Student: 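This is the structure, below, for whatever I ask next.
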Amino acid sequence: MTRAEVKNDRSLDLFAVRSLLFLPASNPRAIAKARAAGSDMVVLDLEDAVKPDDKTAARKAALEAAASDWAMPVAIRINGVGTSWHSLDLDAAARSAADLVIVPRAISGHLVHGIAEVVNKPVLAMIETAGGVLAAPDIAKTCAGLIAGTNDLRADLRLPLDATREPISASLQIIVLSARAAGIAVYDGVFNSLDDPDGFLQEAKDGRRLGFDDKSLIHPNQIEACHRAFAPSAAEIERAKALVEAFHGGAERFGNEMIERMHVEAAQRVLERADA
């Protein structure tokens with residue numbers, strides 16, 4: 001599934017999404033800021049960002065916010081299977097005007113498929129555990145996109161709090177491979193430090209090099225850098241144009257390298273993303 005039908009009969013290209021801004025559905029100030037922040041998608045979170053005592057109020061607020069006008073698609077992240085809030089969240093998400101639903105801690109394709117059938121909306125599945133990583137190929141066949149839940153994944157693997165992304169690099173690659181094999185979008189996890197813009201930009205660039213389509217965000221201040229990191233540079237665009245124009249079929253020389261159809265297809269994806 002490369003496109004999702006969203007409100008007002010619009011069609012969302014999930015591969016073109018560059019930024020996925022998560023915010024607590026219980027925080028009206030954050031919701032108001034997100035409306036004008038300019039992210040490609042907003043996620044009204046009912047899960048980790050919301051205190052247990054605020055879950056009911058957050059669910060109601062998410063329904064009200066999703067029903068209002070947004071300049072971008074809106075998703076709701078429900079609480080996971082096994083929690084006392086899951087069934088109520090599932091019912092609310094199905095009734096909501098949200099464009100997509102996000103499933104946390106996905107561990108099986110069967111689970112995700114069942115949720116997708118109930119909500120009758122495109123579903124993004126978060127891969128946040130060792131079991132989720134190993135089941136990612138199966139999960140990817142049942143949803144519209146995968147999201148790497150890097151914080152929970154580090155915790156599930158019992159990594160030190162100051163661990164870099166290196167210990168989870170194999171897991172991230174499996175998530176990307178699973179999404180690409182299924183032909184769906186795949187989104188990188190969050191960067192936790194709000195006062196390290198250089199670190200965020202570097203991680204976003206690394207995520208794009210790894211094959212992710214976009215990055216999950218926890219603050220509007222990260223949006224601009226995220227869009228820069230995931231947008232093709234002027235040099236990339238010019239090279240892609242030249243490569244497409246130079247190709248006439250079969251293997252041939254382009255500058256100092258040999259190109260084939262696969263290189264042209266990659267160049268066309270660059271141009272499509274630039275247009276988007």
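All residue numbers in this chain count up from 1 along the given sequence. Values reported hereafter were calculated over all heavy atoms of this structure, with side chains retained and with hydrogens, waters and symmetry mates removed. Quick caveat, the model's predicted, so the values are computed rather than measured.
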Student: Are Val81 and Val103 packed together at the side-chain level, in the sense that at least one heavy-atom pair is separated by less than 4.5 angstrom?
Tutor: no

Student: For the pair Asp152 and Thr129, evaluate side-chain contact (heavy atoms from CB on, under 4.5 Å) and give the outcome as yes or no after the intermediate values.
Tutor: CA-CA 7 Å; Asp152 282 77; Thr129 63; 5.8 Å; no

Student: Of all the heavy-atom pairs spanning Asp195 and Ser193, show the shortest one and how long it is.
Tutor: OD1-OG, 2.8 Å

Student: Please answer: with hydrophobic residues joined when any side-chain heavy atoms are less than 4.5 Å apart, are Leu177 and Leu210 in the same cluster?
Tutor: no

Student: Test Phe22 against every option in Asp48, Leu44, Val42, Ile102 by the side chain to side chain contact (heavy atoms under 4.5 Å, CB included) rule and name the one that passes.
Tutor: Ile102

Student: So, the side chain of Asp99 versus the backbone of Val74: is there a donor-acceptor pair under 3.5 Å, distance only?
Tutor: yes

Student: Specify the closest pair of heavy atoms between Pro73 and Asp40, including all atoms of both residues, with the distance to one decimal.
Tutor: CD-O, 3.3 Å

Student: For Ala130, does its backbone N or O pair with a side-chain atom of Asp156 as donor and acceptor, under 3.5 Å?
Tutor: yes

Student: Does the pair Glu224/Arg228 count as a salt bridge with the N-to-O cut at 4.0 Å?
Tutor: yes

Student: Testing the basics here: between Leu63 and Ala92, what is the closest heavy-atom pair and its distance to 0.1 Å?
Tutor: CD2-O, 3.3 Å

Student: Using atom types as modelled and distance alone, determine if a side-chain donor or acceptor of Ser216 lies under 3.5 Å from a backbone N or O of Asp188.
Tutor: yes

Student: Hey, are the side chains of Pro104 and Asn79 touching, using non-hydrogen atoms and a 4.5 Å cut-off?
Tutor: no

Student: Could you pull out the closest heavy-atom pair between Ala125 and Ile139, with the gap in Å?
Tutor: CB-CG2, 3.7 Å

Student: With heavy-atom distances below 4.5 Å as the criterion, would you say the side chains of Lys33 and Leu21 are in contact?
Tutor: no

Student: Without swapping roles, check the side chain of Lys205 against the backbone of Cys226 for a donor-acceptor pair under 3.5 Å.
Tutor: no

Student: Using salt bridge (Lys or Arg N to Asp or Glu O under 4.0 Å), reason through Arg180 and Asp213 one step at a time and then give a plain yes or no.
Tutor: CA-CA 11 Å; Arg180 294 297 175 241; Asp213 294 304; 3.0 Å; yes

Student: Could you tell me whether the side chain of His263 reaches within less than 4.5 Å of the side chain of Phe247, counting heavy atoms only?
Tutor: no

Student: Any donor-acceptor pair under 3.5 Å linking the side chain of Glu128 with the backbone of Gly149?
Tutor: no

Student: Is there side-chain contact between Ile76 and Leu46, with at least one heavy-atom pair below 4.5 Å?
Tutor: yes

Student: Counting only heavy atoms from other residues, nucleotides and ligands, does the tally under 6.0 Å from CD of Glu166 exceed 12?
Tutor: no

Student: Taking all heavy atoms of Ser68 and all of Arg35, pick out the closest pair and write down the distance.
Tutor: OG-NH2, 2.6 Å

Student: Between the side chain of Trp70 and the main-chain N/O of Met41, is any donor-acceptor distance below 3.5 Å?
Tutor: no

Student: Below 4.5 Å, heavy atoms only, C-beta onward: do Phe200 and Lys215 meet side chain to side chain?
Tutor: yes

Student: Can you check side-chain contact (heavy atoms from CB on, under 4.5 Å) on Leu20 and Leu217, steps first, answer last?
Tutor: CA-CA 6 Å; Leu20 200 62; Leu217 311 180; 6.0 Å; no

Student: Between Ile175 and Ile147, does a side-chain contact (heavy atoms from CB on, under 4.5 Å) hold up when you go through it step by step?
Tutor: CA-CA 8 Å; Ile175 295 170; Ile147 302 174; over 6 Å; no

Student: Which heavy atom in Ala144 sits nearest to a heavy atom in Pro122, and how many Å separate them?
Tutor: CB-CB, 4.2 Å

Student: Quick one: does Val119's side chain get under 4.5 Å of Leu90's, heavy atoms only?
Tutor: yes

Student: Using salt bridge (Lys or Arg N to Asp or Glu O under 4.0 Å), reason through Asp206 and Arg209 one step at a time and then give a plain yes or no.
Tutor: CA-CA 5 Å; Asp206 289 345; Arg209 293 189 188 99; 3.0 Å; yes

Student: May I ask you to decide if Ala30's main-chain N or O and Asn27's side chain share a donor-acceptor pair within less than 3.5 Å?
Tutor: yes

Student: For the backbone of Ala98 and the side chain of Lys121, can you confirm whether one donor and one acceptor N or O come within less than 3.5 Å of each other?
Tutor: yes

Student: Determine yes or no for a side-chain-to-main-chain donor-acceptor pair under 3.5 angstrom, with Glu117 supplying the side chain and His113 the backbone.
Tutor: no

Student: Out of curiosity, does Val176 fall in the hydrophobic cluster containing Leu153 (side-chain heavy atoms, cut-off under 4.5 Å, transitive links)?
Tutor: yes

Student: List the residues meeting side-chain hydrogen bond (donor to acceptor under 3.5 Å, both in side chains) with Glu265, not counting sequence neighbours, and say none if there are none.
Tutor: none

Student: Measuring from atom CG of Asn120 to atom CD1 of Ile115, what distance do you get when rounded to the nearest 0.5 angstrom?
Tutor: 14.0 Å

Student: More than 12 heavy atoms of other residues, nucleotides or ligands under 6.0 Å from CG of Leu23: yes or no?
Tutor: yes

Student: Assess whether salt bridge (Lys or Arg N to Asp or Glu O under 4.0 Å) is satisfied between Asp214 and Arg18, documenting all intermediate values.
Tutor: CA-CA 4 Å; Asp214 96 339; Arg18 300 161 299 173; over 6 Å; no

Student: Is there side-chain contact between Val17 and Phe230, with at least one heavy-atom pair below 4.5 Å?
Tutor: no

Student: Inspect the contact between Arg77 and Glu47 and indicate whether a charged nitrogen and a carboxylate oxygen are less than 4.0 angstrom apart.
Tutor: yes

Student: Quiz question: by atom type and distance under 3.5 Å, do the side chains of Ser87 and Asp89 form a donor-acceptor pair?
Tutor: no

Student: Please check this pair: side chain of Asp45 against backbone of Ala49, looking for a donor-acceptor N/O pair closer than 3.5 Å.
Tutor: yes

